[in-house]
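One structure below.
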Amino acid sequence: MKMLELRDVRYTYQTQYQKVEALKGISHSFESGKVHAIVGRSGSGKTTLLSLMAGLDLPTEGEVLCGGVSTAEAKLEAYRREKVAVIYQNFRLFPLLTVAENVMYPMELRGMKPRDARKKAAELIARVGLPESALNRYPTMLSGGEQQRVAIARALGMETGILLADEPTGNLDTANSENIASLLCDLAHKDGYCVIIVTHDMGLASKADCILELRDGAVKE
């Protein structure tokens, strides 16, 4: 099932000295139940493309469609809250909140009662392979791999069908990178998520079902 579609997506921005064409007409579809990797050298347009899919900005030309609806026609704040969940390289957990409170946060934003959110958080923490005892810890008490698992659990708590992962193994050692890669693959293949990974790590990309390689803002043939 097609979850996200890019139609001739272009993005241009103006620096102090010149106009930069960051994306040059990218068309691609992303399906549920699959892991999609977006790869390319620094400056190839990966981060810009991720920001457009995440609803942080709109294309200069072309369309990003989610469920057939263009982000240009959507309320971006609602889109970011209801349609996509982003997992970051540096985790972006709230340091003064416990693991449970971090995972509960997007649920409570949607109006879920704290008791129900706490129960769901415990289920999600178990789903990402952490013990129940982790719920009452703070992020600084966890390893990098454990923090990334919490970040994934929080993303799952948003209950979107699309997970956007920005260099999810960039701050992890080899063993933790393998574990996170396996978890993301399971979420796609077993739970039906559309997982889109932006990465420099070709080992991680090799585990994807589809690879989109960018070069100088365009799809490399």
Side-chain angles (χ1 to χ4, degrees), residues 1-5 30-36 38 47 49-58 64-71 73-130 134-135 138-139 142 145-169 180-199:
M1 177 181 173
K2 188 185 298 182
M3 297 291 287
L4 199 63
E5 184 179 3
F30 301 91
E31 300 177 5
S32 59
K34 291 185 177 181
V35 179
H36 305 261
I38 301 175
T47 301
L49 186 59
L50 179 75
S51 70
L52 297 182
M53 292 191 293
L56 298 175
D57 204 348
L58 296 173
V64 175
L65 298 106
C66 181
V69 178
S70 172
T71 54
E73 299 172 1
K75 293 182 178 179
L76 290 183
E77 184 176 347
Y79 173 85
R80 292 190 295 266
R81 186 173 60 247
E82 300 167 4
K83 300 298 183 182
V84 295
V86 183
I87 302 160
Y88 296 96
Q89 177 179 351
N90 60 356
F91 322 132
R92 294 200 182 181
L93 300 176
F94 300 114
L96 299 182
L97 299 183
T98 65
V99 165
E101 290 166 341
N102 268 280
V103 179
M104 291 166 60
Y105 183 75
M107 302 184 226
E108 292 183 306
L109 280 182
R110 296 200 317 274
M112 186 180 289
K113 294 180 180 178
R115 184 175 179 179
D116 295 333
R118 174 87 185 191
K119 180 179 178 181
K120 183 67 174 179
E123 293 172 0
L124 293 175
I125 282 298
R127 175 66 186 87
V128 299
L130 290 175
L135 287 166
Y138 290 89
L142 305 177
E146 290 170 332
Q147 289 187 63
Q148 190 61 288
R149 287 175 184 270
V150 174
I152 293 172
R154 183 176 61 184
L156 297 179
M158 295 178 68
E159 296 188 342
T160 68
I162 302 170
L163 298 178
L164 302 176
D166 184 12
E167 297 285 1
T169 60
I180 293 300
S182 295
L183 175 56
L184 291 173
C185 288
D186 281 351
L187 290 170
H189 300 151
K190 295 180 181 180
D191 297 345
Y193 282 89
C194 174
V195 178
I196 304 172
I197 302 171
V198 169
T199 184

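Between the CE atom of M3 and the SG atom of C66 there is a distance of 6.5 Å, given to the nearest 0.5 Å. Annotation: the span from E73 atom CD to L58 atom CG amounts to 11.0 Å, rounded to 0.5 Å. The distance from atom CG of L52 to atom CG of L56, rounded to the nearest 0.5 Å, is 8.5 Å.
For P139 against L97, the heavy-atom pair with the smallest separation is CD-O, 3.2 Å. Of all heavy-atom pairs between L163 and A155, the closest is CD2-CB, 4.1 Å. Considering all non-hydrogen atoms of both residues, A188 and V35 come closest at CB-CG2, 3.6 Å. Across A85 and M158, no two heavy atoms sit closer than the pair CB-SD, 3.6 Å.
Side-chain atoms of R80 come within 3.5 Å of backbone N or O of G55 as a donor-acceptor pair. In this structure a side-chain-to-backbone donor-acceptor pair under 3.5 Å is present from H36 to E31.
The salt bridge (Lys or Arg N to Asp or Glu O under 4.0 Å) search around E108 returns none, not counting sequence neighbours. In this structure, N90 has no side chain to side chain donor-acceptor pair (under 3.5 Å) partners at least two apart in sequence or on a different chain. With sequence neighbours excluded, the residues forming a side chain to side chain contact (heavy atoms under 4.5 Å, CB included) with E5 are K2, R7, S29, L65, listed by chain and number.
Contact of the I152 side chain with the I180 side chain is registered, since non-hydrogen atoms from C-beta on lie closer than 4.5 Å.
No option in I38, L50, I197, I87 other than L50 meets the side-chain contact (heavy atoms from CB on, under 4.5 Å) test with L164.
The salt bridge (charged side-chain N to carboxylate O under 4.0 Å, His left out) analysis of residues 83-106, with sequence neighbours excluded, yields no pairs. Among residues at least two apart or in separate chains, ring-ring contact (aromatic ring centres under 6.0 Å, His included) pairs with a member in residues 81-102 are F94-Y105. The stretch residues 112-124 participates, sequence neighbours left out, in these side chain to side chain donor-acceptor pair (under 3.5 Å) pairs: R118-N136.
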